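Below you'll find the structure, written out as structure tokens, and then a few comments.
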Amino acid sequence: MTRQRSLVLVTVDCLRADHVGFLGYPRPTTPFLDTLALHSYVFPSAIVAGAPTYFSFPAILASRFPLALGRDVLGIAPTEPTLASALQACGWTTAAFLAGNPYLSQRCGYDEGFDTFRDILAEDLPCDSTSSEGEMDTHFTRLNRFLERNARRNERTAAGYEELYFLYCQWLASRRQETMEGLRPYPAADTIVDQASSWISSQGDQPFFLWLHLMDPHHPYYPPEEALAAIGRADISPSRARFWNASWSRGHINCKRLQRYRDEIVTLYDAGIQWADTQISRLIRTLQHSCRWDDTVFAVTGDHGEEFLEHGRRFHAPEDLADELIHVPLLLRVPGMNGTILPNEPFSLIHLAPTLLDVLDVPSPTTFRGASYWPDISKGQLPKLTAVTECIEGCNNPLQRSNRLGQRLLSVRDASYKVLVRFGNSTDIMFDLKNDPGEYCPLPRDAKPAERAQLLRVAREHVTSPPQASDPEFRLRACLREFCQQLSFRRNAAEPLLGEIQVH
Amino acid sequence: MTEFCNVRLTAELCAKAEQRFGMHFDSISDLLTCLLEELLRDDIGHFQQAEQKIVEERLRDLGYI
Ligand SMILES: [Zn+2]
């Protein structure tokens with residue numbers, strides 16, 4: 001009897017499609033994955049179903065659009081079927097090792113279906129005792145308060161004060177002995193791969209599903225020195241990286257000034273990708289040494305991209321759904337298959353979980369919204385596809401329920417055009433992706449009416465799609481989870497909760 | 001005038017709820033009221049109608065419905 005195949009899914013936070021070698025990036029960010037891509041299915045247009053993390057992962061793991069259970073539901077609902085629970089139910093051992101993204105925690109239901117769930121946030125992190133706030137002595141604090149108070153009296157002096165205070169803080173920080181490791185607020189990929197590798201080594205013969213989430217390209221960008229050396233920038237010191245990160249993160253700074261730091265920030269980001277690539281190669285060596293590689297299906301993708309001022313924005317806030325944010329790499333290696341570069345159709349990550357289950361001959365839960373494209377993919381094909389991406393515009397802190405009740409931002413994209421519907425101000429704009437791949441010039445409002453109407457019909461279908469039979473139950477469970485969490489967070493609070501979480 | 005209904009719960013369940021949530025609510029009635037109000041919110045329907053209207057108006061502009 002042949003052994004059931006295992007599955008390894010690696011998700012890399014903030015991984016843009018155009019920053020990996022196998023999709024044409026000239027910098028050597030992904031030498032290992034580039035080689036693996038030669039024997040894998042490469043999706044040139046993989047599109048997330050939501051951005052950022054909290055709007056993306058319900059689709060990746062539960063094949064469900066992020067707002068489908070109601071926009072106030074965050075994460076995976078208790079008992080909602082997922083890729084992990086489907087495999088667990090069929091006898092796969094399941095494990096997740098996550099590099100501390102707060103939105104992929106147990107609190108948001110991401111442990112659903114995992115026998116082992118290690119979220120570094122829930123564990124003890126080594127604490128960097130040299131916080132910049134703690135260092136200022138009281139004399140300087142008093143002087144600073146005095147200067148601030150006076151400077152805030154008019155706009156020019158306020159800007160001058162802010163500039164000086166920023167430089168002062170940077171000078172203060174530069175007096176410390178800094179390391180990239182000490183500056184980085186989350187564990188690098190080597191820590192996660194170490195955990196996963198020892199887990200793999202402890203496994204017997206049964207098939208497993210292993211999910212790793214790596215944070216290396218996430219801001220603040222503090223890649224290990226080895227990764228910088230690998231992309232030819234060993235000259236960048238931790239203190240330079242700290243200065244660039246601090247400058248890049250400043251609020252109220254115009255784009256022109258930020259532009260000065262852009263290239264260096266991109267270098268740090270790229271080195272983060274390089275480190276993830278190096279560690280993925282180490283993970284696969286472990287699978288090879290454990291004699292598991294030959295029967296392991298392997299997929300790597302991103303949960304969303306990252307912006308570097310292409311449209312005047314930084315990081316990955318849900319303020320727009322430009323391709324920098326929604327186009328991610330996707331590579332699928334299936335043992336015994338040669339793989340190929342697939343057609344340039346937008347493959348939504350809503351289809352990833354059902355496709356992976358199909359590769360493993362496991363039926364998809366009926367709650368999955370996506371479909372398996374494995375029959376096409378295995379022939380090196382993809383049909384004509386349309387990808388929908390959604391988020392709540394401006395929802396930067398979804399842990400606050402009220403932030404999740406904003407207006408939807410929806411993008412519908414085929415291989416040639418993209419329509420972005422901003423429900424907050426009832427507008428839609430359309431881009432010709434072939435002639436304007438950077439999305440800099442929206443087409444005139446009445447241009448390409450047939451193509452626009454086609455994408456708008458998909459938008460209409462999406463926003464009016466009726467709930468599935470199980471949705472009210474999942475919604476109820478998710479609401480109850482949050483209700484109980486709010487109660488337990490306030491267990492020691494003296495004031496009664498009643499009224500605080502009532503409807504407004 | 002508001003009308004009220006009686007709900008039957010076992011004394012054991014009430015005691016457990018009292019013990020666990022008593023510090024946040026004056027009574028079991030308050031707890032259940034808050035919980036049911038929370039669960040009965042209808043954010044989806046409200047948003048769905050407004051969004052459908054926006055997309056359909058645009059399709060009508062373009063002459064496609
Ligand atoms: Zn993310």
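Quick note on labels: first sequence line is chain A, next is B, and so on, each numbered from 1. Computed from a predicted structure; not experimentally measured. Just so it is clear, the values below take in all heavy atoms, side chains as well, and ignore hydrogens, waters and symmetry mates.
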Exercise. Run the side-chain contact (heavy atoms from CB on, under 4.5 Å) check on A/R457 and B/V55 step by step: do they pass?
Worked result: CA-CA 8 Å; A/R457 277 196 205 99; B/V55 179; over 6 Å; no
Exercise. Quick one: what part of B/I65 sits under 4.5 Å from any heavy atom of chain A, side chain, backbone, both or neither?
Worked result: side chain
Seminar exercise, completed: Output for pair (B/L62 CG, A/Q454 CD), nearest 0.5 Å, gives 12.5 Å
For this session: Kindly write out the residues that satisfy side-chain contact (heavy atoms from CB on, under 4.5 Å) with A/P365, not counting sequence neighbours, or none if the list is empty.
Result: A/P81, A/A86, A/L357, A/T367, A/F368
Exercise. Do A/R445 and B/R58 have side-chain heavy atoms sitting under 4.5 Å apart?
Worked result: yes
For this session: Using a cut-off of under 4.5 Å on heavy-atom pairs, state which of A/T427, A/L410, A/L456 scores highest against chain B.
Result: A/L456
Exercise. If you round to the nearest 0.5 Å, how far is CZ of A/R422 from CD1 of B/I54?
Worked result: 12.5 Å
Exercise. Rounded to the nearest 0.5 Å, how far apart are SG of A/C484 and CZ of B/R20?
Worked result: 6.0 Å
Exercise. Between A/V421, A/D428, A/L476, A/L480, which shows the greatest number of heavy-atom pairs under 4.5 Å with chain B?
Worked result: A/D428
Problem set entry | Flag if over 12 foreign heavy atoms under 6.0 Å of CD, A/E461 | no
For this session: Could you tell me which portion of B/E57 (side chain, backbone, both or neither) has an atom closer than 4.5 angstrom to a non-hydrogen atom of chain A?
Result: neither
Exercise. Looking at B/F47, does the NZ or CZ of A/R71 lie under 6.0 angstrom from its six-membered ring centre and within 45 degrees of the ring axis?
Worked result: yes
For this session: Name the member of A/P467, A/A450, A/C479 that forms the most heavy-atom pairs with chain B at distances under 4.5 Å.
Result: A/A450
Exercise. Out of curiosity, A/R460 CZ to B/K53 NZ, how far, rounded to the nearest 0.5 Å?
Worked result: 15.5 Å
For this session: Quick one: pull up CD in B/E51 and NE2 in A/H462 and give me the separation to the nearest 0.5 Å.
Result: 8.5 Å
